Amino acid sequence: MKLWLLLVYMQMCDPYEHTSDDEMDAHTSDDQMDAHTSNDETDAEMLVALYAVDIWGRHFSRAPRRTLVESGIQWVQRTLEISNDCFDMFRMRRTVFRRLHDTLVQNYGLLPSRGVSTMEALGIFLWACGGPQSFRQIRNKFGHSLETISRKYTDVLNALYKMSSDTIKPKDPQFVEIHHRLREPRFWPHFKDCIGAIDGSHFPAAVPASEQAKYIGRHGYTSQNVMVVCDFDMRFTFVVTGWPGSVHDTRVLQDTLITYADRFPHPPEGKYYLVDSGYPNRKGYLAPYKGQKYHITEWQNARQPIGSKEVFNYAHSSLRNVIERSFGVLKMKWRILLSLPSFSLEKQSKIIIACMTLHNFIRDSALHDRDFDEVGPNSLSHDVPSGESSTSTSDELDMSAFRDAIANALVS
């Protein structure tokens with residue numbers, strides 16, 4: 001292109017291009033030769049100017065490269081130095097962040113890659129899940145390609161998923177200790193053998209159009225029905241994901257007891273979990289009385305419970321409320337769970353489990369956390385599930401008699 005411009009310009013500007021050599025020799029004087037030399041110098045300067053204009057135009061016609069004010073790792077490190085910023089951006093205190101980072105690197109295979117350290121990768125994941133932030137927003141913030149952002153997000157996700165098996169489990173597998181919550185006068189000794197609560201919660205799910213019908217639950221949107229077990233420290237001790245939102249809680253529990261029989265934290269003889277009225281009242285699983293007031297919100301600004309069944313339901317709800325508060329903190333901290341990205345269902349399930357792993361890790365740190373601190377024992381409500389009829393069994397009859405005994409003791 002540059003050579004072509006040079007040739008065209010020479011043809012246009014050479015005053016001797018149509019004069020023969022003999023004519024030039026005959027008619028050209030020394031003064032004319034000097035003038036011609038001067039013209040050649042001017043033409044050369046003009047060519048240089050044209051070439052410079054051509055190069056300048058090519059350079060500035062392209063979009064300028066964006067220069068980050070600070071790199072991704074610099075932003076992570078700066079954020080960690082400011083306590084409030086760290087909590088707002090990463091949803092945890094900086095001590096917990098650093099401890100989590102070291103745990104993932106040392107025990108669960110989180111590795112650095114060219115241009116992205118493990119510290120930055122963890123910052124990317126936490127910022128994405130807490131915001132939530134899209135991958136394009138992360139690219140803008142951290143200055144990496146979408147492919148790099150996706151890969152590092154997945155690396156941290158897989159490390160947390162590995163960690164879940166060591167984190168989402170009972171602290172006391174034999175359930176020997178009695179939690180201090182159960183020693184409060186209103187519950188002691190009536191609920192001394194309670195070891196936690198079980199419930200399901202719906203998490204919005206992005207599913208293919210062909211699968212949407214079975215994933216639409218009673219809330220009217222596509223979701224996963226996720227069943228969890230939690231203890232009275234607001235820790236998740238078991239989780240099963242992947243069930244379509246249209247599936248009832250009872251079916252999820254019944255399948256879990258068979259499919260995950262070797263992993264499920266079964267209640268020992270004489271111990272039991274609290275469940276809501278959507279589950280059968282059977283051995284090891286204590287449900288409230290149906291047809292009576294139950295949820296905490298129903299008692300707000302209302303009369304005090306009357307009769308053994310209402311008193312029992314009020315006490316039962318006050319204890320079982322721990323699982324509702326746990327779900328509340330989980331979704332408040334990790335807002336990606338309110339609208340999961342259009343990943344595969346398997347990856348969406350992994351994100352839910354990873355967020356529960358983070359939830360437990362923060363709780364196990366034994367440090368104050370304002371999200372946990374702000375959720376009081378009676379602060380959250382829960383939708384009343386639709387009941388499911390079932391045939392009474394001897395286990396259910398035994399548990400009904402056990403429930404009646406507690407109810408009568410509470411009012412005696």
Side-chain angles (χ1 to χ4, degrees), residues 168-199 227-239 253 264-289 292-299 304-305 307-330 359-360 363-364 366 368-369 372-382 395 398-412:
I168 304 178
K169 64 179 184 180
K171 281 185 175 181
D172 174 21
Q174 305 304 317
F175 301 105
V176 175
E177 297 182 8
I178 297 176
H179 196 272
H180 63 83
R181 172 80 165 149
L182 302 176
R183 296 184 182 277
E184 295 179 15
R186 59 188 296 204
F187 305 123
W188 184 262
H190 317 293
F191 294 94
K192 63 182 177 63
D193 293 318
C194 183
I195 58 175
I198 297 176
D199 201 5
M227 191 201 80
V228 305
V229 182
C230 83
D231 60 23
F232 291 108
D233 287 320
M234 296 178 65
R235 294 179 66 262
F236 298 111
T237 59
F238 181 83
V239 57
L253 175 60
F264 184 81
H266 299 276
E269 185 67 28
K271 304 286 185 176
Y272 57 87
Y273 290 110
L274 298 176
V275 297
D276 67 21
S277 57
Y279 296 92
N281 186 54
R282 53 181 292 188
K283 185 178 180 180
Y285 306 90
L286 183 63
Y289 289 102
Q292 305 288 329
K293 281 186 178 181
Y294 177 67
H295 293 282
I296 295 295
T297 52
E298 296 180 70
W299 299 104
Q304 292 297 307
S308 61
K309 292 184 178 180
E310 284 191 358
V311 170
F312 174 87
N313 276 11
Y314 184 67
H316 185 286
S317 178
S318 298
L319 271 180
R320 201 190 66 83
N321 181 259
V322 67
I323 199 165
E324 298 165 6
R325 290 184 286 125
S326 299
F327 275 131
V329 173
L330 177 73
H359 175 106
N360 277 14
R363 198 61 174 157
D364 290 340
H368 288 294
D369 181 287
F372 284 96
D373 295 343
E374 289 174 0
V375 179
N378 302 319
S379 60
L380 297 178
S381 61
H382 194 64
D395 281 349
D398 290 344
M399 207 60 179
S400 293
F402 177 73
R403 180 176 60 189
D404 290 341
I406 293 179
N408 291 329
L410 285 169
V411 297
S412 61

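Note that the structure is a prediction, hence the values are computed from the model and not measured.
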From CZ (Phe232) to CG (Leu182), nearest 0.5 Å:
5.0 Å
Residues Leu410 and Arg186: closest non-hydrogen pair is CD2-O, 3.9 Å
Do Asn281 and Leu286 come close enough that some side-chain heavy atom pair is under 4.5 Å?
yes
As an exercise, state the distance from CD1 of Ile195 to CD of Gln174, rounded to the nearest 0.5 Å.
11.0 Å
Is a donor on one side and an acceptor on the other found under 3.5 Å between the side chain of His359 and the backbone of Phe327?
no
How are the rings of Tyr272 and Phe402 set relative to one another: parallel (under 30°), tilted (30 to 60°) or perpendicular (over 60°)?
perpendicular
Say whether Glu324 and Asn321, considering side chains only, have a donor N or O and an acceptor N or O under 3.5 Å apart.
yes
When rounded to the nearest 0.5 angstrom, what is the spacing between CE in Met234 and CG in Asp369?
9.5 Å
Ignoring hydrogens and angles, state whether a donor on the side chain of Asp199 or Tyr273 is under 3.5 Å from an acceptor on the partner side chain.
no
What pair of heavy atoms forms the shortest contact from Pro280 to Val275, and how long is it?
O-CG2, 4.3 Å
Check this for me: does any side-chain nitrogen of one of Arg363 and Asp233 sit under 4.0 Å from a carboxylate oxygen of the other?
no
So which heavy atom on Pro265 is nearest to which on Pro170, and how close?
CB-CG, 3.8 Å
Could you label the plane-to-plane angle of the Tyr285 and Phe264 rings as parallel, tilted or perpendicular, counting under 30° as parallel and over 60° as perpendicular?
tilted
Which heavy atom of Thr237 sits nearest a heavy atom of Cys230, and at what distance?
OG1-N, 4.0 Å
Does Asn360 use its side chain to pair, donor to acceptor, with the backbone of Arg235 at less than 3.5 Å?
no
Rounded distance [0.5 Å steps], NZ in Lys271 versus NZ in Lys283
14.0 Å
So, Arg403 side chain and Ala287 main chain: donor-acceptor pair closer than 3.5 Å or not?
yes
Nearest heavy-atom contact between Arg181 and Ser318 is NH2-O, 3.2 Å
Should Phe236 and Leu330 count as side-chain neighbours, where that means a heavy-atom distance under 4.5 Å?
yes
Backbone N or O of Val322 within a donor-acceptor pair of the Ser326 side chain at under 3.5 Å?
yes
Could you tell me the separation between the CD atom of Glu310 and the OG atom of Ser317, rounded to the nearest 0.5 Å?
12.5 Å
Is the shortest heavy-atom distance from the side chain of Leu274 to the side chain of Cys194 under 4.5 Å?
yes
Could you tell me the separation between the CG atom of Asp276 and the CD1 atom of Ile198, rounded to the nearest 0.5 Å?
10.5 Å
Step through the shown structure and confirm whether more than 12 heavy atoms of other residues, nucleotides or ligands are within 6.0 Å of NZ on Lys171.
yes
Step through it carefully: locate the ring centre of His179, locate the ring centre of Phe191, and say whether they are under 6.0 Å apart.
no
